[in-house]
Each structure stands twice: as structure tokens, then as C-alpha cells.
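Here is the structure we will look at, set down as C-alpha cells.
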Amino acid sequence: MNKRILTLVRNFSAPRKLVWEAWTQSEHIAKWWGPMGMKTRVVDLDFKEGGNWKYIMTAPNGSEFPAHGVFTEIIELEKIVSSADFEPVTHGVIITALFEDLDDKTKLTFSVTHPTEEYCSKQEKMGVMNGWGANFDGLENYLSQLP
Amino acid sequence: MRRDVFQAIADPTRREIINLVADKPLNLNTVAQQFSISRPAISKHIKILVECGLIEINQLGRERFCKARTEQLAQVSDWIENFRHLWEARLDSFEEYLTQIQNKGNDDGKQRNE
């Protein structure tokens with residue numbers, strides 16, 4: 001297993017055009033980027049190769065988790081590659097999204113490539129403790145408040 | 001009660017305890033002195049960390065030492081797995097949103113049988 005690459009595959013019951021639009025347009029992104037209904041604002045989205053994007057997710061405890069990057073490759077309705085930094089702990093990853101038709105569904109293959117093994121192990125110590133750990137606090141608290 | 005790594009790190013005090021003993025074992029008094037909360041509260045956190053397998057307590061003479069189980073720690077801090085956790089949740093959210101906008105579209109127009 002390549003520890004550097006995280007890959008997730010999902011099939012969505014929606015036409016590819018709609019999936020693409022929901023994935024790439026700011027008014028849509030603001031609605032789903034934050035898991036569990038966490039608020040997200042899209043502060044920057046220049047959807048073209050070389051264009052910047054920046055989304056800020058706010059955890060229920062008020063802490064903010066900005067993510068930003070630059071689109072490096074866009075093939076309309078098929079493929080998006082982007083660099084990405086997820087503050088405060090994850091920098092220099094490459095995220096790739098591939099969109100394919102699967103009967104009347106749309107298959108999304110999403111992957112995150114982390115720079116190097118060394119980088120990963122360097123991140124290990126601080127990663128969970130400082131960044132995502134705090135993030136999960138927010139998530140868990142939020143989940144426990146749901147009816 | 002759930003006892004796993006996520007529960008272990010879900011609390012900021014427990015994360016601090018792990019950080020404290022990550023580099024070298026410390027005796028329980030030293031650990032407790034780092035916090036302003038009560039000794040019993042610290043003991044409770046340490047108990048949970050032991051149950052989650054993240055630290056172990058060793059008796060050395062009259063002192064009890066708190067040691068991080070680094071192999072477990074590696075599992076906790078397998079940040080790619082945490083990243084997966086987040087992205088799974090985000091894709092769930094994306095899927096829900098897709099369903100939502102499609103239903104909305106249907107409501108606006110003619111109802112479609114699903």
C-alpha cells in the first residue's frame with residue numbers, strides 16, 4: 001500500500017454535469033465542504049488552470065480551518081488537479097478528482113497525494129494532536145448535539 | 001463506553017498528557033502538576049488513556065511512571081487515516097447535498113418517481 005496516496009471512490013446517483021457543477025461552483029461548495037453541516041465560506045475561487053481557491057471551514061467551537069490551493073489541471077467534466085494546503089497542519093498535497101459516467105450514476109475517484117514519506121512521519125507527531133484532533137473535537141461535539 | 005484512539009484524543013487534556021509523555025516517561029505526580037485541574041480528574045483521564053492502550057503505567061520503586069505506548073501513538077497519529085476520516089465525511093456531505101438539490105429540482109418541476 002502506498003501510504004503517500006489516499007484514494008476514495010464514490011458513486012453518486014446524479015448526472016455527471018450536476019456532480020461537476022456541485023463540485024466546482026462556489027455557491028454549491030459552501031453548502032457541502034464542511035462535513036456535518038459545518039459552515040464554510042468560499043473566499044476565493046478562480047476556476048481555471050493556475051487559478052487560486054480558498055475555502056474556510058468553521059468548526060462548531062469557532063475555530064477556523066482554511067484550505068487553499070492552485071488548480072494545476074482542469075479537463076471540463078472529467079478531471080481536476082490542484083495543489084492544496086490544509087491549515088494548520090497539512091501542506092503541499094496534491095488533490096485529484098476524476099469524474100466518470102457509470103450507467104446513470106457518476107463515479108468520483110478522489111485522491112490526495114502527500115509529498116514524501118519523510119514529510120508524513122514529520123507530520124505524524126503534530127498532525128493529530130494539534131490540528132485534526134481539534135477538528136474531531138468539533139465534529140464529535142457537534143454530532144452529540146444533533147437530535 | 002467506547003475505548004479507542006479517537007476517544008483518547010477527543011479531549012484536549014488527554015492530548016496534552018500524551019504530548020507530555022511522548023518523549024520520555026514521567027511519574028504521575030509530575031504529569032498531574034502540569035495541569036490546573038484536580039488530581040482525580042487527571043487520574044480519570046490517565047485511566048481512559050490506559051484503557052485506550054495509549055499509555056501504560058509502570059511501578060518503579062515507590063513511583064508510578066506514565067509511558068506512552070509509541071506503537072499505539074503511531075496509530076493515533078496516522079494522520080493520513082485521519083485525513084481519510086475527514087474526506088469520507090466531506091464526501092458524505094457532498095452526496096447528501098447532491099440528493100438535496102436533485103430533490104429540490106424535482107419539487108420545482110414535475111414529481112419524478114424514485
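Here is how names work: the chains are called A, B, and so on, in the same order as the sequence lines, proteins then strands, and each is numbered from 1.
- Taking CG from B/L91 and CG from A/L8, the interatomic distance works out to 5.5 Å, rounded to the nearest 0.5 Å.
- A/F47 and A/I75 fall into different hydrophobic clusters, defined by Ile, Leu, Val, Met, Phe, Trp and Tyr side-chain heavy atoms under 4.5 Å apart, directly or through other members.
- Here the NZ atom belonging to A/K31 is positioned 12.5 Å from the CG atom belonging to B/L98, to the nearest 0.5 angstrom.
- Only the side chain of A/V112 has a heavy atom closer than 4.5 Å to any heavy atom of chain B.
- Between B/L86 atom CG and A/M57 atom CE the span is 5.5 Å, to the nearest 0.5 Å.
- The aromatic rings of A/W32 and B/F94 lie perpendicular to each other, with more than 60° between the two planes, well past the 30° mark.
- B/Q102 places a side-chain N or O within 3.5 Å of a backbone atom of A/S13 that can act as its donor or acceptor partner.
- Taking each heavy atom of A/N11 and B/E95 in turn, the nearest pair found is O-OE2, 3.8 Å.
- In this structure, the portions of B/E88 lying under 4.5 Å from any heavy atom of chain A include both its backbone and its side chain.
- With a 6.0 Å radius and a threshold of 12 heavy atoms from other residues, nucleotides or ligands, B/R39 has its CZ atom above the threshold.
- Here the closest non-hydrogen pair linking B/R90 and A/F86 is NH1-CE2, 4.3 Å.
- Residue A/I29: no heavy atom, backbone or side chain, is found under 4.5 Å from chain B.
- In this structure, B/F35 is not a member of the same hydrophobic cluster as B/F65, with clusters built from ILVMFWY side-chain heavy atoms closer than 4.5 Å.
- A/I94 and A/F99 fall into different hydrophobic clusters, where Ile, Leu, Val, Met, Phe, Trp and Tyr residues are linked whenever their side-chain heavy atoms come under 4.5 Å apart, directly or through other members.
- Between B/W87 atom CH2 and A/T7 atom OG1 the span is 12.5 Å, to the nearest 0.5 Å.
- Both A/Y55 and A/I80 sit in one connected hydrophobic cluster of ILVMFWY residues. Membership requires side-chain heavy atoms under 4.5 Å apart, directly or through other members.
- Listed here is the closest heavy atom pair of A/P35 and B/A89: CB-CB, 3.6 Å.
- When hydrophobic clusters are built by joining Ile, Leu, Val, Met, Phe, Trp and Tyr residues whose side-chain heavy atoms come closer than 4.5 Å, directly or via intermediates, A/V70 is not grouped with A/V42.
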